Amino acid sequence: MDKKRNFGWGQLTKPKRRRGSESTSRTNDASGEENEALRRDSASTSRTDDVSGEENEAFNTSGTEYDVFLSFRGPDTRNNFTDCLYRRLRLAGFHVFLDNEELRVGKEIGGELLKALNKSRIYIPIFSHNYAASSWCLREVAHLEKCTSKSNGKKEILPIFYDVDPDDVKLKTELYKTAIAKHEEKFGPDELKRWEAALVEVARLKGWDLKRKGQGELIELVVEEVFCKLNARYVSVPKYLIEDHPQIKAIAEKLEVDSNGVRFLSIHGGGGIGKTVLARIVFNRLSHHFDGVSFLNDVRESSKCGLIDLQKKLLSSFVGSVIAHQIKDIEDGMRWIKKVCNTKKCLIVLDDLDKKEQLEKLAGESDWFGFGSRIIITTRDKSIMMTQVESSNEQGQNQINRVLSYEVREMKYGQALKLFCKHAFRRDSPIEGYDHLAEKIVRRVGMLPLAVEVIGSSLYCEGLVQEEHLDKIELWKDTLKQLDEGPYKDVRDALMISYDRLEPKHKEVFLDIACFFTNEDQTYPIIMWRDRNYHPYHAISILLLRSLIKTRDGKKFWMHDQVRDLGRYIVLEEYPCKENPHKFSRVWIQEDALKLLERKERNPDVEALSLTPNGCSRNFTPEEFAALPNLRFLRVKEFDFCGNFENLLLELRWLSWQTWETTFHVNNFHFSNLLVLDLSYSNIGDGWGGWGQMKMDRLKILDLTGCVRLKKTPKFSNFMSLEKLILAGCVELTTIDRSIGKLEHLTTLNIKGCRLLGELPEEVGALQSLTEVIMPQTFQCFKLSEAFGILKSLSSLILDEHLGINQLPSYIGGLVKVTYLSLRWCVGIQKLPCSLGKMEMLGELDLSMSGIVELPVSIGDMKKLKVIRVSYTMIRKFPRTIGQVEMLEELHAKKCWDLTNENIEEFGKLSHLKILDLSYTHVSRFPAVLGCLSHLHTLELGSSDLQEVPDLPSSLTRLHMQARQFQSILNLSSLVNLDYLELSTLTVSREEPNPSWINNLPVKQLIHPLPSGLSTLKCRGIILLPSLSNLRKLSVLCVIEYPMPYFSISQGLIYLTELKLSKCKFVEIIYVSCLKNLQHLELNRLDRLVKIEGLSELASLLHFRISDCYMIERLPNLSKLDKLQHIELEACPKIKAIEGIKGLERLVWDNRGCIVLERLLDVSRSTWISRKIPECQVFLSFNGPDTSISIVDVLYKNLVRNQISVIRDDDILSFGDGIGEELPQALNDYHIYIPFLSKNYASNWRCLRELAHMVKCTSNSHGKKIILPIFYDVEVDDVNLKSALYRSALDKHRWKFGNEVEEWEMALREIAHMRQFNMNGNSHGELIESVVREVSRKLRGKNVDVPEHLVEDHNQIEVIIDKLDVHSGGVRFVGIHGMGGIGKTTLAKVVFNKLLLQFDSASFLQNVRE
């Protein structure tokens, strides 16, 4: 035993340091406990590879142990960028594997590294200068590329180019080429080819270039992207997860996801047995098979504040928070859930139910949900399973009208021991000397997962501070003794041991979270704890290490309900004594709190108190709170105060008070030590008297979020220490008091959602500590005062979507520390001040979709500017000084239709330029010096007027050219590094029904061979395709508007993985049999297609989509395509069956003839399921050059933000390609049509055809569809054909379209008589706000429920409607009276529904008497 003296856990695990067996995680060379804990925490945590057969039977996957795998070259980035990225990912809650290639020897990947590579979900290779010098780095990148390619989309690579260019990694420069060549002697040429292929493949992927961003900014972008990738349909599971595969399999079989009925399943068992973890695993595995998903945590605890919030949360998963928050009461919530979910295939988990009412109000009956939906509940109460969920509607033979049951079994001993070891040792098995003790402890806690986890974590954490091995042994023995002292009751006895070993200050933090802050943000508690010297960050890290708390969404505390109940039990049982039974430190139960105050007995032990509403209302007096001299936290909702509070609550640090009173009844409401004042969602207004009675010299945070009646802020002279001022959601706020300029410590100002705020006061310019301003996205006129330009500490200024801002202040040049300025969608800003040139640190300027028409001459003074974005603007020319922006690397001017040739010769001076995008402009020539830009790797250029193209630089890797026709023979053979090539011929406008190239063939065509290194080729309107036989590396081929009847692929395209054919009107047969590696095949709008030759031989095919192919009658048998996962058919009316699809009960077609089939690869009993394609709600029709840059984009974005599904017929993107032949069927799918009537709308035959079909669809819909026209820059007389504007445009169409023009005329006249939105006299913002509000109202569907088998009494209904006389102007009251049960309410509901759309708003209050 003496030999083991002075060893820590890591040394006990690895008594000898051996290369190749070292832990695979890394850390800085710090010796501190925290770093050491982090190192051990990331080491040796993956599951073993002995995957059992039962696991495969359950889900056919071994699961992913690591979220992220970081691959990097140690000497280059270990102690800087990689370390920061690793810690930030860990802080965000991701499980990260940090490889250390420097410690490896040998030639093969194995052991822990192999496990980590195989079981990671996302790979992040950090390509640095010496990355290719490491053979281990090269082996890793080859293996991770292999893992990704075989994962069927379940794994991804997100590369970071640290101090190299993508071209270096693609081996187009000598940097990596030279480094790799040095490995050939040791590893041979075949291995080098494998590494080179992997590097080239990974470098093609979308990643990040660190040279274009700051490290901190890039790290945040990476974390955000990882979060999006992993959390789209994913709930967190424990870090050290032991999956119980037999139980997972049993649950999956009960759910039977391939059947069409709706199923409810109850997972029940005792506390801490693992119900929630099982539900989370099943949710994650199955979520991608459903149209919508929702996981509601902690229903039991959350429902204590009412079920409405839970209903809103459930709904927001499907339709977003805007619509969800319109719920007024529980009955309304039930109606909304049914309305939203009954057309969707839903997966819903309701975690920890304890009352039948919760199930009834959140997921009442099976007919609330679409076919195939699954509702999982976890509960300790078996009686909930008796809830009736049957529907009165017939739902098919697969419907089960009861809650199915699954009782969770206790964890098997072997699994429990492994889980314990993961937490106690950070490995899968006990270390030497601890085997016997570990086994006894696991058996003693009854193999309950929660108790096993907490005790194991506690012993690990305690072991960190024990230096002597014998001391560790004694600690373990003492723990076992404590567990043996009495008969085992429940998990609380085991958890209590972990609590007892906390330091006193850590106990205080633990109890605060348990009693008040579960599921709450950390920010405010940390401020309070710091002031109390609780050292909150250290305390939180200890509680995390001991598994007593977890964090959710990055900032919210979370506790297992058993741990939370332990904390509350401690407060209730430990503190009281016989002499003083009311001696509590924290009071969170409403009744106890009221009794405590009513007694008015001095109680110095109470430190925290919560008073939440229970239906009663009262005022609290000074005498009641005088009895609580040590109160530091007070939460009060819907109660009030009265009296004189002078010299009371002197220890109070945080007051959270939600008051509904508009008057103030307190004197001397001064709390000298208060740090946080949270008045969010209170009913206070401008006349509230509280501000005059408050003086809080130490206050750091004032939170007025959601105070919707507040029009003016208070004066801030009583809050001089304020650091954060939060006014988010104060929708009526118009004025911020000028005293804000005195807040010299203010760092954060949050005015998000203050839509009526017109400007910030001049005094804001005095806030020299201000680093962050969270601006409102407002449609109103918003003025940035001149003083705003002297905020010396601002690091970024983001004013996106401020439609009300018309100009920037002239002193904006004073923002000397700003590195990023964004004015996206600021359509009111047309020019920038000349002072912009003084922003010497500015690195990126984003003006996309703004109203900008020119850049200031002073832009030439911006020597650090690297990125300019002006895409989708009306900019006409670049200033001559553009060539002086010497560090410029990217210039984006896509779809700037008015941009001309003026000053473009200055581009030749931009020696650092890497990306130049001038696509879809009126630039018709390029300077000859373009070929001298040696760093240029991406070039997009051309317009319908493109006249000539100069010699291009050989550095190009991506080239996209557009022209009406290519006049000369293109010779691109000099572009040896070219990887991506796109060539497009364009029509002049959408006026022509057929592309111009059909009738006007160019004399010369592409005959030169294309660069052999191409991986992607896209051709549009190219009549004679160039030879593809030399393109051995081509992986993506897209062909649009190919005019020949047959399309076959060269035998040489062995690497082709993706093929897309679209709008090839004459193609009849496609030959694809030689494409053995093809994974994605998409065929769209092939009007004459009758046969796909060789489809059944595509053994690698994963995804197949065919749409709008009206002639094809059948597909080949698909039974041999074992890898096929996704089939999508749309508008192929002659295809009635799909041969070779096994395990599919029936095909579910929607009214468009659309269907999606997906293979369930991870559930053994299932093969294929079918689902409908979700329908869109709103269709936008417009003439692109008139409107799309500004108002259509902003409207589209705002509709999407409000969770409204919308599609736009975007002729800018499709260049004249309307919806074409399938237009009538497509338009039939939408509920609301929004045509933008602009000056050139009638010049566009496709727009007119769309409009006529909209009118037809609406007239045939019996009121279910509506048109909301927008008169953009025209008058009613123009649309009504009373002026020459539209009449002359229609006359030009008659010779091509004949009698169809008459239909267009009738449609226009009908539109002219509809209620419309008019731009005249309105700003863009006002118009958009009105349209979004109206669309939301129309889609909301305020109908009230009526009896299902209703027999309407038409005579009585007509009498009531006559009495209401809705067309008269007066206000009318009508009483419907009669005896009980005679039908008064039903009559009222029927009338309400019939007249609903006649009114601007409506409300139906049910059961008023009750």
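Because the structure is predicted, anything quoted here is derived from the model rather than measured. Residues take their numbers from the sequence shown, with the count starting at 1.
Not a single donor-acceptor pair under 3.5 Å links the side chain of S656 to the backbone N or O of R635. At least one donor-acceptor pair under 3.5 Å links the side chain of R709 to the backbone N or O of N683. Of the possible polar contacts, one joining the S682 side chain to the W657 backbone as a donor-acceptor pair under 3.5 Å is found. In this structure, R263 contributes its side chain and L404 its backbone to no donor-acceptor pair below 3.5 Å. Using a distance-only test at 3.5 Å, with no hydrogens or angles considered, no donor-acceptor pair links the side chain of T659 to the main chain of I684. Side-chain atoms of K338 do not come within 3.5 Å of backbone N or O of D367 as any donor-acceptor pair. Checked by atom type and distance alone, the side chain of D686 pairs as donor or acceptor with a backbone atom of K712 at under 3.5 Å. Side-chain N or O atoms of Q311 include none that pairs as donor or acceptor with a backbone N or O of I337 at under 3.5 Å.
C346 and S373 get closest at one heavy-atom pair: N-OG, 2.8 Å. In this structure, R755 and V731 approach most closely via the heavy-atom pair CG-O, 3.7 Å. Heavy atoms only, all atoms of each residue included: F1182 and L1180 are closest at CD2-O, 4.1 Å. Scanning all heavy atoms of the two residues, the minimum distance from H1377 to K1384 falls at C-CD, 3.6 Å. Contact detail for L1237 and P1269: the closest heavy-atom pair is CD2-CB, 4.1 Å. The two residues Y681 and C707 come nearest to each other via the heavy atoms N-SG, 4.1 Å.
Side-chain atoms of F264 and I377, non-hydrogen and from C-beta on, never get closer than 4.5 Å to each other. You'll find the side chain of D329 reaches within 4.5 Å of the side chain of D332, heavy atoms only. In this structure, the side chains of L611 and Q590 come closer than 4.5 Å at one or more pairs of heavy atoms. Contact check for S303 versus K355: no side-chain heavy atoms found under the 4.5 Å cut-off. Looking at S1403 and L1405, their side chains come closer than 4.5 Å, going by heavy atoms from C-beta outward. Put simply, the side chain of E360 does not reach to within 4.5 Å of the side chain of E365, judged on heavy atoms. Looking at heavy atoms from C-beta onward, V299 lies out of side-chain contact with T379 at the 4.5 angstrom threshold. Residues L347 and I376 form a side-chain contact, since some pair of their non-hydrogen atoms from C-beta on lies under 4.5 Å apart.
Between atom CG of residue L679 and atom CH2 of residue W688 there is a gap of 5.0 Å, rounded to the nearest 0.5 Å. From R335, atom CZ reaches atom CH2 of W368 across 10.5 Å, with rounding to the nearest 0.5 Å. Interatomic distance, W336 CH2 to I327 CD1, rounded to the nearest 0.5 Å: 8.5 Å. Atom CD of E1334 sits about 6.5 Å away from atom CD1 of I1266, to the nearest 0.5 Å. Between E1275 atom CD and N1280 atom CG the span is 12.5 Å, to the nearest 0.5 Å. In this structure, L727 CG and L733 CG are separated by 6.0 Å, a value rounded to the nearest 0.5 Å.
Relative orientation of the F641 and F620 rings is tilted, given thresholds of 30° and 60° on the angle between their planes. Using cut-offs of 30° and 60° for the angle between ring planes, the F1179 and Y1230 rings count as tilted.
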| task | Could you go through the side-chain contact (heavy atoms from CB on, under 4.5 Å) check for I375 and V262 one step at a time? | result | CA-CA 8 Å; I375 292 82; V262 177; 4.1 Å; yes

| Under the side-chain contact (heavy atoms from CB on, under 4.5 Å) criterion, do L310 and L314 qualify, and how do the steps go? | CA-CA 6 Å; L310 282 168; L314 176 62; over 6 Å; no

| said: If you apply the rule side-chain contact (heavy atoms from CB on, under 4.5 Å), what do you find for N519 with N297, and how did you get there? | reply: CA-CA 10 Å; N519 292 321; N297 290 295; 5.8 Å; no

| field | Intermediate values then yes/no, side-chain contact (heavy atoms from CB on, under 4.5 Å), Q358 and L350 | value | CA-CA 9 Å; Q358 296 158 352; L350 307 176; over 6 Å; no

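Residue M1314 places its CE atom among more than 12 non-hydrogen atoms of other residues, nucleotides or ligands, all under 6.0 Å distant. More than 12 heavy atoms of other residues, nucleotides or ligands sit less than 6.0 Å from atom NZ of K313. Within 6.0 Å of atom NZ in K711, 12 or fewer heavy atoms from other residues, nucleotides or ligands are found, so the atom counts as exposed in its surroundings.
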